[in-house]
Chemist: 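Structure provided below as structure tokens; questions to follow.
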Amino acid sequence: MKDNRTRYTVKSEFKINDEGMDMAPVIASRRGNEFVFGSTRKAPIGSGKDPIVGEGYMNIWQVEKDRSGNWTPPKLFDADSINTEYNEGTMTFDGRFRNMYLTRCPTVHKKDMGCQIWTAEKRGRSWGLPQKINLAPNDTISVGHPCPNEDGTALIFASDLPGGQGGKDLWYSEYDRREETWSCLLYTSPSPRDRG
């Protein structure tokens, strides 16, 4: 890092970070003065311990800059039914910040459950109830870490869907407005020749 210096300074945000695990910060407003992230910090929702990682369940938190340019203390994401007793993380938005996409990983005793992608639409100043996007043939397959395009009509996501290269692969999905369904294709990046 010393040999490849940049004009950027990397520092820890002590007012935001916690002793729990914090991950996946994403800008959450057009002005860029707000962001969301997943965290295992103590919360009144999902207060148990995740049996896989041994830490608290992950919830979505948000922070914003005040008029002085300082980050406000983190608070749970302000929308109904986003944070549950399960793990929620990796929230993203379309380019207009009108649609959100998040990963939810339910835990059921003695069952091997996969993660799911859920979406919610902004209505006025509040968010509608999240709806599950059906991308997998059953609940044991994981889909998560959504990355939408500008208008929210396509997603790239990680999954262990059958037909991939092994383990988790990147998959691509397009939304059919008429049928109100999402397609599902293995994502392959264009070759250098295709890029021109």
Side-chain angles (χ1 to χ4, degrees), residues 13 15-50 53 55-67 69-108 113-136 139 142-159 173 175 177 180-182:
E13 286 290 348
K15 291 182 180 178
I16 299 172
N17 294 331
D18 188 80
E19 62 185 28
M21 181 172 57
D22 298 333
M23 64 167 236
V26 173
I27 294 172
S29 68
R30 284 180 187 251
R31 294 187 301 175
N33 64 341
E34 183 178 339
F35 73 88
V36 296
F37 61 98
S39 179
T40 61
R41 65 187 64 203
K42 289 182 182 177
I45 299 171
S47 58
K49 282 195 174 184
D50 183 316
V53 297
E55 291 196 34
Y57 285 101
M58 189 161 281
N59 289 294
I60 303 291
W61 293 75
Q62 66 186 62
V63 294
E64 57 186 301
K65 278 189 177 177
D66 62 21
R67 292 183 179 176
N70 299 311
W71 292 111
T72 59
K75 63 179 183 177
L76 283 171
F77 188 75
D78 188 23
D80 289 337
S81 302
I82 296 298
N83 288 309
T84 67
E85 70 272 20
Y86 304 127
N87 280 311
E88 278 84 28
T90 321
M91 180 183 279
T92 57
F93 302 87
D94 67 7
R96 299 172 302 144
F97 295 93
R98 302 298 302 167
N99 293 287
M100 78 162 72
Y101 306 86
L102 70 130
T103 304
R104 177 172 289 159
C105 302
T107 303
V108 177
M113 300 291 289
C115 296
Q116 308 154 350
I117 296 175
W118 290 66
T119 184
E121 185 178 357
K122 196 159 199 181
R123 297 181 181 149
R125 294 186 171 206
S126 59
W127 291 96
L129 293 175
Q131 304 291 318
K132 180 180 164 186
I133 299 177
N134 291 313
L135 296 167
D139 289 339
S142 271
V143 293
H145 303 280
C147 181
N149 66 348
E150 186 73 13
D151 64 3
T153 58
L155 284 176
I156 294 175
F157 59 94
S159 180
S173 180
Y175 184 66
R177 292 182 194 273
E180 296 184 351
T181 59
W182 289 85

Chemist: If you count the non-hydrogen atoms of other residues, nucleotides and ligands that lie under 6.0 Å from CD1 in I27, is the total more than 12?
Modeler: no

Chemist: Could you go through T90 and M23, starting from their C-alpha distance and side-chain angles, then the distance that decides it, and tell me whether this counts as side-chain contact (heavy atoms from CB on, under 4.5 Å)?
Modeler: CA-CA 8 Å; T90 321; M23 64 167 236; 3.4 Å; yes

Chemist: Salt bridge check, R98 against D151: does any charged N sit closer than 4.0 Å to a carboxylate O?
Modeler: no

Chemist: Which atoms form the tightest heavy-atom contact between N17 and R41, and what is the distance?
Modeler: C-NH2, 3.9 Å

Chemist: Can you measure from CD1 (I82) to CG (L76) and round to the nearest 0.5 angstrom?
Modeler: 11.5 Å

Chemist: Taking the side chain as everything from C-beta on, heavy atoms only, tell me whether L155 gets closer than 4.5 Å to I133.
Modeler: yes

Chemist: First locate atom OH of Y57, then atom OG1 of T84, and finally report the distance between them rounded to the nearest 0.5 Å.
Modeler: 10.0 Å

Chemist: Any idea which heavy atoms bring G152 and W182 closest together, and the distance?
Modeler: O-CH2, 3.6 Å

Chemist: Any side-chain heavy atom of T92 sitting closer than 4.5 Å to one from P148?
Modeler: yes

Chemist: Considering all heavy atoms of both residues, which atom of L135 and which atom of S173 are nearest to each other, and what is their separation?
Modeler: CD2-OG, 3.5 Å

Chemist: Report the distance from atom OG1 of T119 to atom CD of E121, rounding to the nearest 0.5 Å.
Modeler: 8.0 Å

Chemist: Going from NE2 on H145 to CE on M91, what distance comes out if it is rounded to the nearest 0.5 angstrom?
Modeler: 14.0 Å

Chemist: Is there a donor in the side chain of S29 and an acceptor in the side chain of E34, or the other way round, less than 3.5 Å apart?
Modeler: no

Chemist: Which value, rounded to the nearest 0.5 Å, describes the distance between M113 atom CE and D139 atom CG?
Modeler: 4.5 Å

Chemist: Please determine, by modelled atom types, if D22 and S39 share a side-chain donor-acceptor pair under 3.5 angstrom.
Modeler: yes

Chemist: Main chain of A120, side chain of Y101: is a donor-acceptor contact present, judged purely on distance under 3.5 Å?
Modeler: no

Chemist: List the atom of G56, the atom of T40, and the distance in Å for their closest heavy-atom pair.
Modeler: O-CG2, 3.4 Å

Chemist: Are K42 and D18 side-chain neighbours, meaning at least one heavy-atom pair lies under 4.5 Å?
Modeler: no

Chemist: Verify side-chain contact (heavy atoms from CB on, under 4.5 Å) between R31 and F97, making sure each step is shown before the conclusion.
Modeler: CA-CA 11 Å; R31 294 187 301 175; F97 295 93; over 6 Å; no

Chemist: What distance do S81 atom OG and L129 atom CG have between them, rounded to the nearest 0.5 Å?
Modeler: 5.0 Å

Chemist: List the atom of M21, the atom of M58, and the distance in Å for their closest heavy-atom pair.
Modeler: CE-CE, 3.7 Å

Chemist: Quick one: are F37 and I60 in side-chain contact, heavy atoms under 4.5 Å?
Modeler: no

Chemist: Mind running side-chain contact (heavy atoms from CB on, under 4.5 Å) on N99 and F93 for me, showing each step along the way?
Modeler: CA-CA 6 Å; N99 293 287; F93 302 87; over 6 Å; no

Chemist: Which atoms form the tightest heavy-atom contact between K132 and W118, and what is the distance?
Modeler: N-CE3, 3.3 Å

Chemist: Parallel, tilted or perpendicular for F35 and W71, by the 30°/60° rule?
Modeler: perpendicular

Chemist: Could you go step by step and tell me if E180 and Y175 meet the side-chain contact (heavy atoms from CB on, under 4.5 Å) rule?
Modeler: CA-CA 7 Å; E180 296 184 351; Y175 184 66; 3.5 Å; yes

